[in-house]
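Read through the structure below, which is laid out as structure tokens, and then see the notes.
One-based numbering, in listed order, for ligands and for the atoms of each.
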Amino acid sequence: MQLYQSQVLKIYNSLSGKKEVFTPLNEGHIGMYVCGPTVYSNVHLGNCRTFMSFDMIFRYFKHLGYKVRYVRNITDAGHLVDDAEDGEDKIAKKARLEKLEPMEVVQRYTVDFHSILQKFNFLPPSIEPTATGHIIEQIEIIKDILEKGYAYEINGSVYFDVTKFNEDHAYGKLSGRKLEDMIANTRELTAQDEKKSPQDFALWKKAEPQHIMRWPSPWGDGFPGWHLECTAMSTKYLGDTFDIHGGGMDLKFPHHECEIAQAEASNGRSPVNYWMHANMLTLNGKKMAKSTGNSLLPGEIFSGDNAILSKAFSPSVVRFFMMQAHYTSILDLSNDALLASEKGFHRLMDALQILKSLESRKNSDFDVTSWKQKCYDAMNDDFNSPILIAHLFEAVKHINAIKEGRESISEADKALLEATISSFVFDVLGLENKSESEAGTDKLAGVVELLIQMRKEARDNKDFATSDKIRDQLAEMGIQLKDGKEGTTFSVS
Ligand SMILES: [Zn+2]
């Protein structure tokens with residue numbers, strides 16, 4: 001028997017606006033699609049939070065014994081600068097500015113994305129498809145939608161006909177918007193606009209001669225609209241209707257609304273049973289934005305190289321901080337919040353160490369079995385990780401009381417407690433107890449910097465005996481100093 005058979009999991013479905021009991025299409029199997037990054041810059045910390053929420057959800061499904069096919073795409077074409085119909089492709093623009101091939105831009109930032117996610121201890125998705133690898137599938141869907149009469153071609157571009165679609169289906173059902181209101185609130189089309197209505201969106205855009213990312217199609221050279229890739233890749237790998245589609249809250253409209261419209265127009269079926277949206281991350285109470293300086297990259301947090309935080313924080317501490325909020329709530333990152341999370345994280349890790357060395361007695365003062373079910377109840381309630389963490393700290397209190405001799409625990413309960421905490425902390429929340437060695441590395445760097453400074457002072461005083469001694473003894477320990485124009489650096493062999 002698998003764990004999921006004994007647990008009732010509820011998921012907040014953005015489509016119904018309600019928490020619903022989760023029933024997958026095929027028992028024991030889950031198909032989940034999450035909109036991945038557009039790889040034209042370093043991965044944003046807010047995006048990391050979104051992907052981390054779905055990593056935790058993926059981990060919990062696996063923990064429950066489900067076989068999960070988790071598809072998270074890489075957007076490497078078609079996402080235009082203003083998220084709408086006009087403007088340059090985000091990747092093509094970066095390629096132009098940095099004098100690179102678009103695929104060099106894609107490669108550089110895909111590598112960055114993966115390396116940051118690895119530091120955060122993400123599990124890789126089952127499939128990570130790219131938009132440029134699925135141009136043929138996208139063209140096929142456009143042909144299908146044209147054939148069904150929900151799109152029109154004009155001057156080498158193809159647009160989705162929202163008005164026509166809305167006659168037979170409900171456009172706006174995910175975001176709760178009504179087409180009439182949308183029409184009333186948008187500007188009139190100008191003479192240059194090709195679209196019949198401002199709500200229509202591009203399925204295929206004709207490539208102007210200067211547009212470098214282009215593919216041949218029945219309508220001439222062009223490139224797919226951004227919304228289409230996710231319809232093509234999700235249905236290709238998960239079927240016409242699949243269990244879960246996730247993404248950031250900001251993608252609900254228009255991106256996900258358009259995905260629903262495209263899928264329903266092409267095959268007549270509602271593509272997704274449960275829509276899930278993760279909320280955003282703010283910094284010091286304000287929206288993160290590079291232009292105002294209120295922004296942090298993950299790497300800047302890990303290195304401490306930033307003007308916002310007082311020190312470096314390990315990926316596990318940042319992950320723990322993010323897991324302390326429910327994925328549908330806005331989370332505010334600040335120095336104080338990270339310091340508090342760091343303290344909490346160490347308390348939790350210390351308790352796990354203490355637990356291993358506790359002496360067991362005949363009886364338990366702590367009902368571990370019912371506590372364990374409370375942990376599951378928290379996660380079964382729409383993946384409520386902050387409540388789970390509160391239960392973990394309840395266990396920490398008992399562990400400390402047992403250590404101090406105020407409570408006792410039986411051998412069996414001790415083993416159950418240890419196994420339960422480990423599986424929730426490491427398997428489900430995805431934390432790693434690495435911070436000790438990371439802190440050690442930081443301290444070592446500080447000591448070496450101090451010695452470099454002392455060696456410099458010795459040299460300035462022409463005390464070469466001392467400066468050589470520092471260099472040679474460090475070399476014996478496997479730390480090489482290298483003098484350069486910018487000062488002295490070191491490497492550890
Ligand atoms: Zn998407």
Worksheet item: Taking atom types as modelled and ignoring hydrogens, do the side chains of Tyr152 and Asp200 form a donor-acceptor contact shorter than 3.5 angstrom?
Response: yes

Worksheet entry | Identified side-chain contact (heavy atoms from CB on, under 4.5 Å) counterpart of Asp89 within the set His211, Lys205, His79 | His211

Worksheet entry | Protein N, O or S atoms lying under 2.8 Å from the Zn ion (ligand 1), listed by chain and number | Cys35 SG, Cys230 SG, His255 NE2

Fill in: side-chain contact (heavy atoms from CB on, under 4.5 Å), paired with Val428, selected from Lys62, His63, Met323
His63

Practice prompt. Scan residues 47-56 for pairs that pass salt bridge (charged side-chain N to carboxylate O under 4.0 Å, His left out), counting only residues two or more places apart or in two chains.
Written response: Asp55-Arg59, Asp55-Arg319

Discussion item. Taking side chain to side chain donor-acceptor pair (under 3.5 Å) as the cut-off, I'd like each qualifying pair that reaches into residues 99-108, sequence neighbours left out, listed once.
Written reply: Glu98-Arg108

Worksheet item: Any salt bridge (charged side-chain N to carboxylate O under 4.0 Å, His left out) pairs touching residues 300-314, not counting sequence neighbours?
Response: Lys311-Glu342

